[in-house]
Protein chains: 2
Amino acid sequence: MRESSESVGQNTRGEGYLQGLATDLVIFGFHETQLKILLLEYQNTGLLGLPAGFIRDDENLNDAARRTLTQRTGLGDIFLEQFYVFGDLGRHDPQPLRSILIGKGETPPDDHWLLRRFVTVGFYALVGFTRALPNPDALADRCAWYDLATLPPLMLDHTAIVQKALDTLRANLDHKLIGANLLPELFTMNDLQQLYETILGQKMNRSAFQRKMLALGILERLEKRFSGGAHKAPFLYRFVQEESCQTRH
Amino acid sequence: MRESSESVGQNTRGEGYLQGLATDLVIFGFHETQLKILLLEYQNTGLLGLPAGFIRDDENLNDAARRTLTQRTGLGDIFLEQFYVFGDLGRHDPQPLRSILIGKGETPPDDHWLLRRFVTVGFYALVGFTRALPNPDALADRCAWYDLATLPPLMLDHTAIVQKALDTLRANLDHKLIGANLLPELFTMNDLQQLYETILGQKMNRSAFQRKMLALGILERLEKRFSGGAHKAPFLYRFVQEESCQTRH
DNA sequence: TATTATTGTCGCACTGTGAGACAATAAACC
DNA sequence: GGTTTATTGTCTCACAGTGCGACAATAATA
């Protein structure tokens with residue numbers, strides 16, 4: 001395939017890809033009571049942006065997003081879902097991409113396909129923080145986790161895309177098995193509650209939270225964990241595997 | 001603009017439009033206890049399809065969808081929202097479009113832009129049945145309401161698109177003011193309940209439904225209506241206008 | 001051994017909901 | 001005109017879910 005021999009930057013006409021359509025990925029992780037997302041850093045530009053991808057003309061849209069997710073994280077079988085299409089004219093600005101291409105030592109022609117207007121399909125993904133292996137793409141020089149609470153300015157309209165993804169994550173928190181995708185295999189009830197409190201941005205009642213989670217019938221209680229603090233040892237839990245599990249789209 | 005002098009069919013290269021990207025509209029109406037959608041009929045082909053539109057290269061995506069909605073219904077300021085992007089390779093089939101163009105007396109070249117692969121953004125709209133004036137586009141010869149319960153086979157993957165729109169409508173029934181957009185200005189509690197029962201496809205308890213709706217605080221009770229059946233006259237209601245009304249996106 | 005911090009669970013009050021009952025009443029019928 | 005009929009507005013009761021505080025249990029620490 002073309003990508004192996006030249007990057008999407010050198011392929012100045014974007015041959016083999018759908019024109020004017022891209023995917024932007026908001027990849028959520030959770031670590032030490034903080035919600036994080038994966039960002040790409042572009043050398044010599046100071047620019048930060050969401051992992052993005054293009055759709056090959058022999059590829060399904062959702063498959064293209066999953067391919068990009070796998071390339072950035074090393075993980076394939078995790079939660080990934082569309083949440084919104086960003087198609088305003090106002091989001092078109094060739095300057096950041098031109099800077100990025102120049103930063104890579106290229107001299108893009110004015111009609112380079114990456115400098116034209118793009119409509120982008122926003123996807124959000126839920127990733128086990130410790131399992132992911134962040135990996136930059138051909139145009140970036142670093143891929144790293146950033147705290148959502150203290151997010152620096154992002155290129156183009158990516159800040160608005162992140163906000164919309166967070167809104168969607170909050171709205172879907174009770175319907176989709178968000179926890180199963182952001183927590184490690186084993187966790188305590190307190191871990192789960194801290195995840196919920198971080199996503200929703202508000203404190204929750206401890207006993208009510210426990211009752212509600214146990215009533216859902218999706219948690220399996222395991223042995224107690226003897227380690228840590230000067231207090232009673234908490235149970236460990238695991239999400240029960242259902243055949244109707246929503247971990248994949 | 002181009003569209004006024006020639007149709008998207010005669011414009012064989014789709015100049016002035018984004019390539020490979022379209023909108024498909026699922027326009028819901030409600031009449032006599034039946035949920036209905038607007039469909040286009042294509043002459044000499046027997047084909048039925050959703051109203052679709054293209055995005056001009058100087059136009060926002062959402063504006064393009066609203067423009068198409070207005071052209072099909074005569075209505076502009078009504079509920080319209082994205083719900084999913086359909087981008088599988090499997091949905092690409094040039095045959096229906098070729099038949100439609102031939103049915104219009106044209107002889108499309110094999111590389112006609114409408115015969116290439118399209119990714120389509122699905123929108124759903126809520127329309128007051130009596131206010132809409134269905135109006136076909138340049139390729140269709142009729143635009144008419146069809147009962148959702150007895151939907152005939154549709155072209156391409158449009159049946160799946162309708163199903164996904166209905167799923168979204170049901171999921172959003174309690175969050176967005178669906179009723180305000182599908183009912184006439186004045187209505188009875190029974191009208192509202194029948195709308196809910198039709199959308200959800202299940203009977204609901206009468207007194208509980210009334211309690212719930214009144215508790216939402218979005219209904220204004222008006223005078224009673226003296227007309228109709230051999231029974232107590234029901235109150236008329238109206239949705240109160242809030243500044244945060246979700247009738248527009 | 002006593003202290004401390006956290007955990008598992010219970011009780012209580014409040015809210016929302018499903019279900020049935022009953023009076024009120026407008027039209028239809030004799 | 002009186003009676004019947006169907007629908008409406010509202011009430012009560014039971015039950016599930018939730019917010020909030022209290023209490024004992026317990027693992028590490030002093």
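Sequence lines set the chain letters: A, B, ... in the order given, protein chains first and strands last, and positions in each chain run from 1.
With rounding to whole Å, B:Met213 atom CE is found 16 Å from D:dT10 atom P. Put simply, OH on A:Tyr196 is 13 Å from P on D:dG19, counting in whole angstrom units. What separates NZ of A:Lys203 from C1' of D:dG19 is a distance of 16 Å, to the nearest Å. Atom CZ of B:Phe209 and atom P of D:dC11 are 19 Å apart (whole Å). Residue B:Met204 contributes atom CE, which lies 17 Å from atom C1' of C:dG20 at whole-angstrom precision. Put simply, CG on A:Leu192 is 15 Å from C1' on C:dT7, counting in whole angstrom units. The separation between A:Leu219 atom CG and C:dT7 atom P is 16 Å, rounded to whole Å. Taking atom CD of residue B:Glu197 and atom C1' of nucleotide C:dG18, one finds them 14 Å apart after rounding to whole Å.
Using a cut-off of 4.0 Å between Lys/Arg side-chain N and Asp/Glu carboxylate O, B:Lys164 and B:Asp24 are scored as not salt-bridged.
Residues that satisfy the salt bridge (Lys or Arg N to Asp or Glu O under 4.0 Å) test with B:Glu185, not counting sequence neighbours, are B:Arg238. For the side chain to side chain contact (heavy atoms under 4.5 Å, CB included) test, residues two or more places apart in sequence or in another chain that qualify with B:Ala208 are B:Asn205, B:Arg211.
Between B:Tyr196 and B:Phe30, the gap from one ring centroid to the other reaches at least 6.0 Å.
Contact between the side-chain N/O atoms of B:Asn190 and the OP1/OP2 oxygens of D:dT7 is not found at any separation under 4.0 Å. Neither OP1 nor OP2 of C:dT17 sits under 4.0 Å from any side-chain N or O of B:Asn205.
Between the side chains of B:Tyr84 and B:Asp167, not a single donor N or O lies within less than 3.5 Å of an accepting N or O.
Looking at A:Leu192 and A:Leu219, their side chains come closer than 4.5 Å, going by heavy atoms from C-beta outward.
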Taking N or O atoms only and anything under 3.5 Å, show me the protein contacts with nucleotides 8-10 of chain C, one pair per line.
{"unit_1": "C:dG8", "atom_1": "OP1", "unit_2": "A:Phe235", "atom_2": "N", "d": "2.7"}
{"unit_1": "C:dG8", "atom_1": "O4'", "unit_2": "A:Lys232", "atom_2": "NZ", "d": "3.4"}
{"unit_1": "C:dG8", "atom_1": "N7", "unit_2": "A:Arg206", "atom_2": "NH1", "d": "3.0"}
{"unit_1": "C:dG8", "atom_1": "O6", "unit_2": "A:Arg206", "atom_2": "NH2", "d": "3.0"}
{"unit_1": "C:dT9", "atom_1": "OP2", "unit_2": "A:Arg221", "atom_2": "NH2", "d": "3.1"}

